[in-house]
Amino acid sequence: MSHTSLIENEYQGENQDLIKMRHSAAHIMAESVLSLFPEAKLGIGPPIENGFYYDFDIQQSITPEDLISIETKMREIMESHSPFERAEISRTEALEKFSDQPYKLEIIESILDEKLSTYSHHGFTDLCQGPHVESTEKIGHFKLTRVAGAYWKSDENNPQLQRIYGVLFASSADLDEHLKRLEEAEKFDHRRIGRELDLFFFDPISPASPFFLPKGTTVYNLMTDFIRESYNHYGYEEVISPQIFSTELWKQSGHYENYATNMYFTNVDEREFGIKPMNCPGHCVIYKAQLHSYRNLPLRYADFGRLHRYERSGVTHGLTRVRSFSQDDAHIYCSPEQIEQEIMGLLEMMGTTYDAFGLSRPRFTLSLRPEKRVGSDEIWDKAENALRSALISSGEQFEEIENEGAFYGPKIDLFTRDALGRDWQLSTFQLDFNMPERFGLEYIGEDGNAHRPVMIHRAILGSLERFLGILIENNAGAFPVWLSPIQATIIPIADRHNGYADDLAKKLKSEGLRVNVDNRSERMNAKIREGQLQKIPYMLIVGDNEQKNNSVSTRLRSNENLGEQSLEEFLNYCAPEIAPPVNLLTSQ
RNA sequence: GCCCACAUAGCUCAGCGGUAGAGCACGUUCUUGGUAAGAACGAGGUCACCAGUUCAAGUCUGGUUGUGGGCUCCA
């Protein structure tokens with residue numbers, strides 16, 4: 001293993017001993033693979049979160065059976081109690097030592113230092129900065145999990161290597177816990193919950209494009225309703241723009257040049273049209289349709305328009321990466337001086353929205369100017385500073401990443417984790433100096449002259465589909481009450497209570513609850529079980545007593561039994577929870 | 001798009017050369033039960049699709065499509 005510095009920096013938060021163990025295990029795995037496949041060429045083998053991997057160039061495919069042999073071999077090597085020994089060698093020595101390892105040679109050539117280091121154990125030597133554990137038996141408890149293709153240096157123009165992944169922990173208890181957690185994570189998988197709760201499904205007839213069932217659609221619409229409500233508070237105006245545009249627009253926006261491989265096209269009347277993958281160019285058309293004064297800025301156009309992107313076949317994933325979706329998308333047109341204020345507003349809006357949906361705080365990144373970019377250094381300075389100080393005054397922790405900005409402007413991204421611990425980008429706030437230029441956007445300033453506005457692409461939920469997927473993985477399908485597709489299910493104990501249940505349902509509906517009656521001729525226990533599995537917030541059991549007293553017996557999905565309550569009492573009880581938490585929005 | 005794996009009833013899966021199985025869900029009937037599954041019976045499948053091997057193919061081979069885990073991409 002060579003340049004570990006980057007990886008190590010990334011995981012500095014983790015236990016350094018664990019990193020050493022994982023890294024050492026990677027070396028031992030490389031030795032094992034070489035003993036089974038002597039012709040294998042070695043790539044790199046770093047420690048990663050929860051484990052390690054190593055890349056190999058081998059003609060034949062590594063099978064799951066091979067993994068078992070490799071693992072067995074690794075345990076043999078562990079038992080040899082061989083020390084890990086560091087050696088410093090010169091660049092020339094290194095080139096000679098690794099002459100039959102082309103990938104290692106490439107690494108050596110990329111290192112500027114004259115002095116390189118190697119680590120050896122059990123007769124196997126790898127180019128490596130270290131550090132490592134003292135001896136092979138001290139690498140902890142591990143399991144090889146899978147093999148996957150990975151391009152050399154992450155470049156798809158390079159050869160594809162076979163990457164073997166392993167998980168490793170200090171104790172077997174930790175390892176078992178990790179494996180168990182992965183198994184448990186399956187229960188939180190939004191694809192599974194989507195089916196179980198009748199929210200949505202997929203069909204090969206339209207790959208990677210969700211079909212929302214009535215219950216899923218209810219949740220989806222509640223999400224957009226809430227966002228619309230927040231738009232009222234934060235000064236947005238909603239617009240509706242076309243689904244397909246002449247290719248001319250995509251040429252002007254630059255998408256034709258840079259994004260066409262992700263777009264769907266169609267030909268009508270001998271003209272080529274592109275189906276929109278983003279709303280921004282359409283919004284620029286809207287902006288240009290009228291004359292704008294500095295008095296009216298910032299101008300905030302919101303759009304729930306449906307977007308289509310051709311995502312490559314290997315990258316789609318449940319709701320979190322689809323080909324057809326919509327966003328709580330908006331574009332803000334403002335002056336450079338207004339950027340900071342706008343970003344502060346966005347951060348506040350983000351906070352209230354996450355609270356409303358019951359999501360914990362995401363991870364923030366601030367991506368700064370890349371080498372290839374448009375716009376003057378002056379405006380980049382201004383923009384980056386505006387984003388940074390807005391973040392600082394919001395009090396959020398964030399990570400600045402050099403070179404990661406888009407060519408058209410710096411951006412703030414927010415990432416939230418799914419059940420398997422993978423990060424997904426939800427919110428994004430991106431400054432854009434390019435598109436106003438390309439579309440020749442202007443506003444009349446106080447001085448009577450035309451000025452160029454800055455454009456901010458922003459989404460809080462991001463893709464509604466992805467947000468819903470992540471939301472489900474975070475709450476296991478037990479939505480906040482205001483988002484639950486069915487808030488209360490009425491459970492008549494016997495058929496003779498069905499009439500009372502129906503009357504009750506009518507009353508509750510008129511109070512704004514989403515309610516159903518489980519009038520199947522099943523036992524009450526079965527209906528309760530069904531309500532629990534469906535994660536319905538309130539199960540209202542009604543029998544002879546309730547019918548006589550005009551009351552309900554309320555059970556919560558937490559298994560808590562509230563006992564018999566009058567209808568009035570129940571309504572008072574649930575009132576604070578059933579409506580969208582728009583009170584969070586009134587702070588502005 | 002690439003690597004690996006997978007595709008059998010609505011769902012979860014068993015069957016791995018010799019005439020298609022289970023549980024749940026669904027339908028009918030019986031049951032009318034007080035806080036997580038009452039009982040019986042019944043209906044449901046060109047075993048993803050297209051070729052091939054074989055006397056015989058869910059079962060073996062190749063291809064296609066889709067899905068999953070990675071890689072890459074996400075101006």
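Every chain is numbered from 1 and lettered A, B, ... according to where its sequence line falls, protein lines coming before strand lines.
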Colleague: Measure from CZ on A/R191 to P on B/G66 and round the result to the nearest Å.
Modeller: 17 Å
Colleague: Between A/E184 and A/K180, is the closest basic N to carboxylate O distance under 4.0 Å?
Modeller: no
Colleague: Taking only side-chain N and O atoms of A/S521, does any of them lie within less than 4.0 angstrom of OP1 or OP2 on B/U32?
Modeller: no
Colleague: According to a strict under-4.0 Å criterion, is A/R309 in side-chain N/O contact with OP1 or OP2 of B/C73?
Modeller: no
Colleague: Could you state the NZ-C1' distance from A/K527 to B/A37, rounded to the nearest angstrom?
Modeller: 14 Å
Colleague: Just name whichever nucleotide pairs with B/C26, Watson-Crick or G-U, keeping both distances under 3.5 Å, else none.
Modeller: B/G42
Colleague: Can you check B/G58 for me, syn or anti if syn means within 90° of 0?
Modeller: syn
Colleague: What does A/A406 touch in the nucleic acid at a heavy-atom separation under 4.0 angstrom: a base, only the sugar-phosphate, or nothing?
Modeller: nothing
Colleague: With rounding to the closest Å, how many angstrom separate the C1' atoms on B/G62 and B/C73?
Modeller: 30 Å
Colleague: Rounding to an integer number of Å, can you tell me how far A/D544 CG sits from B/U35 P?
Modeller: 14 Å
Colleague: Just how far, in rounded Å, is C1' of B/C24 from CD of A/Q534?
Modeller: 14 Å
Colleague: With a 4.5 Å heavy-atom cut-off, do A/I490 and A/L508 have their side chains touching?
Modeller: yes
Colleague: Given the structure, check if the side chain of A/R321 and the base of B/C74 hold any donor-acceptor pair shorter than 3.5 Å.
Modeller: yes
Colleague: For B/A57, what is the paired nucleotide under Watson-Crick or G-U wobble rules, both distances under 3.5 Å?
Modeller: none
Colleague: Is there a side-chain polar atom (N or O) of A/R195 under 4.0 Å from OP1 or OP2 of B/G10?
Modeller: no
Colleague: Roughly, in whole Å, what's the span from CG in A/L431 to P in B/A75?
Modeller: 15 Å
Colleague: With a 4.0 Å cutoff (strictly under), does any side-chain N or O of A/S154 reach OP1 or OP2 of B/C71?
Modeller: no
Colleague: Quickly work out the A/D55 CG to B/C71 C1' distance and round it to whole Å.
Modeller: 9 Å
Colleague: Between A/F202 and A/M278, which has a closest nucleotide on RNA chain B that is more 5'?
Modeller: A/F202
Colleague: Under a 3.5 Å threshold, yes or no: a donor from one side chain and an acceptor from the other, between A/T365 and A/K411?
Modeller: no
Colleague: Only pairs with both distances under 3.5 Å count, Watson-Crick or wobble alike; so what is the partner of B/U32 in this structure?
Modeller: none
Colleague: Assess whether atom CD of A/E272 is packed by more than 12 heavy atoms of other residues, nucleotides or ligands within 6.0 Å.
Modeller: yes
Colleague: Since syn is defined as within 90° of 0, does B/G44 count as syn or as anti?
Modeller: syn
Colleague: Between the side chains of A/D544 and A/H497, does any donor sit under 3.5 Å from an acceptor?
Modeller: yes
Colleague: Assign A/N525 to base, sugar-phosphate, or nothing according to its heavy-atom contacts below 4.0 angstrom with the strands shown.
Modeller: sugar-phosphate
Colleague: If I pick the C1' atom on B/A20 and the same atom on B/G44, what distance separates them, to the nearest angstrom?
Modeller: 13 Å
Colleague: Compare side-chain N and O positions of A/R523 against OP1 and OP2 of B/G38 and report whether any pair is under 4.0 Å apart.
Modeller: yes
Colleague: Going by an N to O cut-off under 4.0 Å, is there a salt bridge joining A/R363 and A/E399?
Modeller: yes
Colleague: Ignoring hydrogens and geometry beyond distance, is the side chain of A/T145 in donor-acceptor contact with the base of B/G69 at under 3.5 Å?
Modeller: no
Colleague: Heavy atoms under 4.0 Å, any strand shown: does A/G254 hit a base, just sugar-phosphate, or nothing?
Modeller: nothing
Colleague: Please state the P separation for the pair B/A43 and B/U61 - nearest whole angstrom.
Modeller: 36 Å
Colleague: B/G1, OP1 or OP2 - any side-chain N/O from A/Y310 closer than 4.0 Å?
Modeller: yes
Colleague: What is the distance, rounded to the nearest whole Å, between atom CZ of A/R422 and atom C1' of B/G68?
Modeller: 10 Å
Colleague: To the nearest Å, give me how far apart NE2 (A/H457) and C1' (B/C74) are.
Modeller: 15 Å
Colleague: Using atom P in both nucleotides, what's the gap between B/U72 and B/C16 to the nearest angstrom?
Modeller: 40 Å
Colleague: Just name whichever nucleotide pairs with B/C74, Watson-Crick or G-U, keeping both distances under 3.5 Å, else none.
Modeller: none
Colleague: Rounding to an integer number of angstrom, what distance separates B/U8 and B/U46 when you compare their P atoms?
Modeller: 13 Å
Colleague: Please measure how far the P atom in B/C3 lies from the corresponding atom in B/G42, and state the result in whole Å.
Modeller: 50 Å
Colleague: Work out how far the C1' atom of B/U29 is from that of B/G68, and round it to whole angstrom.
Modeller: 43 Å
Colleague: Closer than 3.5 angstrom, by distance alone: can the side chain of A/R555 be matched with the main-chain N or O of A/M539 as a donor-acceptor pair?
Modeller: no
Colleague: Would the number of heavy atoms belonging to other residues, nucleotides or ligands and lying under 6.0 Å from CZ of A/F188 be above 12?
Modeller: no
Colleague: Using the C1' atom as the reference point in each nucleotide, state the distance between B/G21 and B/G15 in Å, no decimals.
Modeller: 7 Å
